[in-house]
Amino acid sequence: MNDSTEPTAFRTWMCVVCGFIYDEAEGIPDEGIAPGTRWEDVPDTWTCPDCGVTKDDFEMMTL
């Protein structure tokens, strides 16, 4: 039986400039990004809290 409603696993994204990790499961509550916030739902105006680059400088991490 295939359950197509199974949620997609949370992903992590890394800043290629400074190595900061954004974890969708954890979010960044101090920045107003709730736990469980998907990367595509993080505002395009958001910047890396460590070095200030934009989302364009983040890459999805693979296991």
Side-chain angles (χ1 to χ4, degrees):
M1 201 170 172
N2 185 4
D3 183 9
S4 61
T5 62
E6 183 175 327
T8 303
F10 287 115
R11 299 166 296 176
T12 55
W13 298 79
M14 183 179 74
C15 177
V16 297
V17 175
C18 74
F20 176 84
I21 302 293
Y22 175 74
D23 185 332
E24 292 179 334
E26 295 179 13
I28 311 174
D30 291 347
E31 300 252 329
I33 301 172
T37 301
R38 298 292 184 174
W39 181 246
E40 52 271 8
D41 295 327
V42 172
D44 290 335
T45 57
W46 178 82
T47 57
C48 177
D50 286 353
C51 72
V53 297
T54 64
K55 287 176 62 178
D56 290 338
D57 290 307
F58 279 73
E59 290 185 357
M60 185 171 61
M61 298 176 65
T62 56
L63 298 176

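Only a predicted model underlies this, so the values are computations on that prediction, with no experimental measurement involved.
- Going from atom CZ of Phe58 over to atom OG1 of Thr47 covers 8.5 Å, rounded to the nearest 0.5 Å.
- For Asp57, the side-chain contact (heavy atoms from CB on, under 4.5 Å) criterion is met by Val16, Val17, Val53, Thr54, not counting sequence neighbours.
- Distance NZ/Lys55 to CH2/Trp39: 5.5 Å, rounded to 0.5 Å.
- Residues Phe20 and Cys51 fail the side-chain proximity criterion, which asks for heavy atoms closer than 4.5 Å.
- Closest approach of Tyr22 and Thr37 over heavy atoms only: OH-O, 2.7 Å.
- Residues in residues 24-33 take part in these side chain to side chain donor-acceptor pair (under 3.5 Å) pairs, two or more places apart or across chains: Arg11-Glu24, Glu24-Arg38, Glu31-Trp46.
- Residues Phe10 and Ile28 fall into different hydrophobic clusters, defined by Ile, Leu, Val, Met, Phe, Trp and Tyr side chains chained together at heavy-atom separations under 4.5 Å.
- For the pairing with Met14, the side chain to side chain contact (heavy atoms under 4.5 Å, CB included) check across Glu59, Met60, Met61 returns one residue only, Met61.
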